2 protein chains.
Amino acid sequence: MIEDKNQQRTQLSDLGEFGLIDHLTKNFKISQKSTVKSIGDDAAVLDFKNEKIVITTDLLVEGVHFDLSYVPLKHLGYKAVVVNLSDVYAMNANATQVTVSIAVSNRFPLEALEELYAGIETAAKIYNIDVVGGDTTSSTTGLLISVTAIGTIESDDEVYRDGAKSSDLLVVTGDLGAAYMGLQILEREKEVYKVNPNNQPDLDGYSYIIERQLKPEARKDIIKLLKDLNVKPSSMIDVSDGLSSEIMHLCKQSNVGCDLYEEKIPLDPQVISTCEEFNIDSTTVALNGGEDYELLFTISQEDYSKIKANPNLTVIGYMKEAQEGIHLVTRADTKIPIKAQGWKNFNA
Amino acid sequence: MIEDKNQQRTQLSDLGEFGLIDHLTKNFKISQKSTVKSIGDDAAVLDFKNEKIVITTDLLVEGVHFDLSYVPLKHLGYKAVVVNLSDVYAMNANATQVTVSIAVSNRFPLEALEELYAGIETAAKIYNIDVVGGDTTSSTTGLLISVTAIGTIESDDEVYRDGAKSSDLLVVTGDLGAAYMGLQILEREKEVYKVNPNNQPDLDGYSYIIERQLKPEARKDIIKLLKDLNVKPSSMIDVSDGLSSEIMHLCKQSNVGCDLYEEKIPLDPQVISTCEEFNIDSTTVALNGGEDYELLFTISQEDYSKIKANPNLTVIGYMKEAQEGIHLVTRADTKIPIKAQGWKNFNA
C-alpha cells in the first residue's frame, strides 16, 4: 500500500517487437533434464522418456482473484505458479515445467512485470521447475495470468479424486482457514488506508495468516513424505476452494459419504484469535475459506500406523457409504449435512 | 451483426458450483490413446510412451485479438484452438491435446459459452485432438481465452527456428494476406452497420478472405505432406504476425540473411482485388498482415525437386549469409531492407 513515487517506468510499447517474454525470462535457468527446448520457438519440447505426464491450468484475474492494492506483484507471480503446482502434487506427481501467459494493460510499466516475473522465477527455483513458454499480450483492463503446469508420474503412482472407499480415513495436511483470515485483515487495512492514506497498516500479530494469503506454498514435501512412508492415498485433491467443496468432490467422484469431525480440523492459533476478533466461526472459515493449498486425501485404515506420528498430517474424518451422506460431526456431537457453497466468482 | 432478440439466456451464476466446465465439455469425445485421464480431476494424465512432447500456449483477448460485433463465438472457439495447433505443427509435430481456459464477464449467458465450446469441439474433431482440461472464471470485463496445446514428435523430427543455412530455399504454404484483408472488410461493414443497423452487410465477393480471418485453418496437412515427401525442413515457423516478422525470426535465430522475392509471394486473386479496392499495396499486406497461419520453412536446395511440383508450396526466397542482411527483392529488382514492425498490441 506504500507507493514509490520515484520508481522507474518503462512503457511496454517502448520495448519493440517480441522483446517482452524474452526480456522477462532471460535469466531463468533450466534445471529439468526433460526440458529439451524452452522459450523462444513456436513451442517447447519436453522428453519424459517412459513417464506419464500430468497437465493442469489455472487463470488468475485482477479484481476477481487478486487486488493489486495490497498484493505485491512479486507475491502474485509466486502464487500464480504455486497454485498450479498444487494441482500437480494433488495427482501425486512431480511438477517439472510451467508455461506462464499474461494479458496486461498499458498502465503497467515494464518494471511491474519484472517484479511479477521475479516472483515466478523465485517459485521456479524453490520448486525446481522450468518456465518453458508463455504468451504476453495487452488487455483492455487489468492483469490476467494464465499458468499451465506439467509434471510426471512414475508407473502407476497417480492418485485421482475417485478412489476413496467407505471406511477410509480422511487426512488433511497443515492447517486450514488462514489464507481466508489473512484476506480479511488485508481488506480491513485497505479500508483504513482509504480513509487515511497516511495510516501505516497494522499487521502486527497477523504475519502467519497474511503470508498464507499472499504467499501460499504447495505441498511438494507431502508427495515425498507419502513415498517415504510408503503410503499411496486412495484419493486426493488440493484445498483451493475450501474443505467442504473438496470433500464433496472426493465423495461425489468416489461415490462415498463422509463424517468430518469438527474437533479434528487443524487450525492455527492466529486463525482462532482472528476469527474471535472478527466474530466469525472458525469452523465455517476452515470449511469455506479456501486458498489453503493443503492436500486432502483418503487412506486405507491399514496405513494409519504409518502416518499417525506425523505432525503434518491430521486425520479429520471417515469415509462412509454414499447413502449415509456427507456430514460435519460437531463438537456437540450433532450431525450437520455439508452443502456446496455457491460459486463465488459468478455471484455479483 | 444480426442479433437474435429472443435467444435464451441462462445466467452463469444460476449454474451452481463447478458445473460450468463439466457442462460445456460433457459431450467432448476422447480420441487419443495418450489421454489417460481427461477433465474432472486436479490435472489431466497423458501417456506418450517414448515420444517427446511439444507444448505451446496463446492468449486471445476481446478488444485486442477479436471483436465480438462481427466474430461469431463458434468461430472464435474454433480459431482459439487452431492458432495453437498451428504452433505445434510449426515444430513438425502432431497435435494431440489442448487445455482451454476462459475468463468471462457476467454479460455472457451460458448459451454464448455453449456456442464458443461448440467451435472448440468442432476444431477438436477436425484436427483429432482431445480437450483434456481448463479453467473457467469470471472477468471484470470481456472475454479472454487461454489455450495450451500439446503434441508429440517421433525420434528427432522436431524442427526449430534456428536451423536455416545460407543457400537454403525459403518456402511458404498456401497464400498470404487474406486474413488481414478479411478483417478490413469486416471492420468496414461494422462502420456501415453503426451508421445504419438495418443495412445488411455486403460480403459478396469476399467469402475467401473473410473465412481466412474468421475461421483460419492450421496446416496439419503439410506436416503429413513433408513426411510423405521425405523432406525435413531445416527451420520452420508459422505465419501468425506476418511474413516479415517470421522471416526475421528465422534469420535472427539461425544467424543467416535472406532475399525474399516480391514476385514470388503467393496471393489469392481476392486479396489482390480487395487491396486495389482499399488502395493498399498487396505486398505490404502479405508482409505485415499476419494471422494467415501458413507455415514458413527452409529446406536444403537438394530437396527442391521433391517439393517443386506441389501447388501447396511456393519457394519465395533464398537464405544468405547473415552479413548480407534481410531484403525484399522488388519486381523492379531493387533491394529494400525488411524491418520489424512495432508490436501492434501495445501501441495505442
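Predicted, not measured: the structure shown is a model, and the values here were computed from it. By convention in this document, chain letters (A, B, ...) are assigned in the order of the sequence lines, proteins followed by strands, and residues within each chain are numbered from 1.
Ion pairing between a basic and an acidic side chain is recognised when a charged N comes within 4.0 Å of a carboxylate O; A/D41 and B/R161 show such pairing.
Only the side chain of B/L144 comes within contact range of chain A, with at least one heavy atom under 4.5 Å from a heavy atom of that chain. The part of A/V61 that comes within reach of chain B is its side chain, from C-beta onward, which places non-hydrogen atoms under 4.5 angstrom from that chain. At a 4.5 Å heavy-atom cutoff, the contact between B/T99 and chain A is made by side-chain atoms alone. Proximity to chain B is absent for every atom of A/L60, based on heavy atoms less than 4.5 angstrom apart. For A/Q253, the part lying near chain B is the side chain, with the backbone staying farther off; criterion is any non-hydrogen pair under 4.5 Å. Within the 4.5 angstrom heavy-atom criterion, atoms from both the backbone and the side chain of A/S101 approach chain B.
The structure places CG of B/N94 at 7.5 Å from OH of B/Y89, a figure rounded to the nearest 0.5 Å.
Among the candidates A/D58, A/D238, A/D292, the single residue satisfying the side chain to side chain donor-acceptor pair (under 3.5 Å) test with A/S86 is A/D238.
Cation-pi contact between B/K37 and A/Y160: present, with separation from the ring centre below 6.0 Å and deviation from the ring axis of at most 45°.
Put simply, of B/E62, B/E51, B/M91, the one with the most heavy-atom pairs under 4.5 Å next to chain A is B/M91. The residue among B/I102, B/N84, B/D87, B/V88 with the most heavy atom pairs within less than 4.5 Å of chain A is B/D87. Contact count versus chain B (heavy atoms, under 4.5 Å) is highest, among A/I150, A/V36, A/I153, A/T57, for A/T57.
The backbone N or O of B/S235 lies less than 3.5 Å from a partner atom in the side chain of B/T298, making a donor-acceptor pair.
The 12-atom threshold is exceeded at NZ of B/K232, counting heavy atoms of other residues, nucleotides or ligands nearer than 6.0 Å.
Under 3.5 Å, the side chains of B/S254 and B/D162 contain no donor-acceptor pair of N or O atoms.
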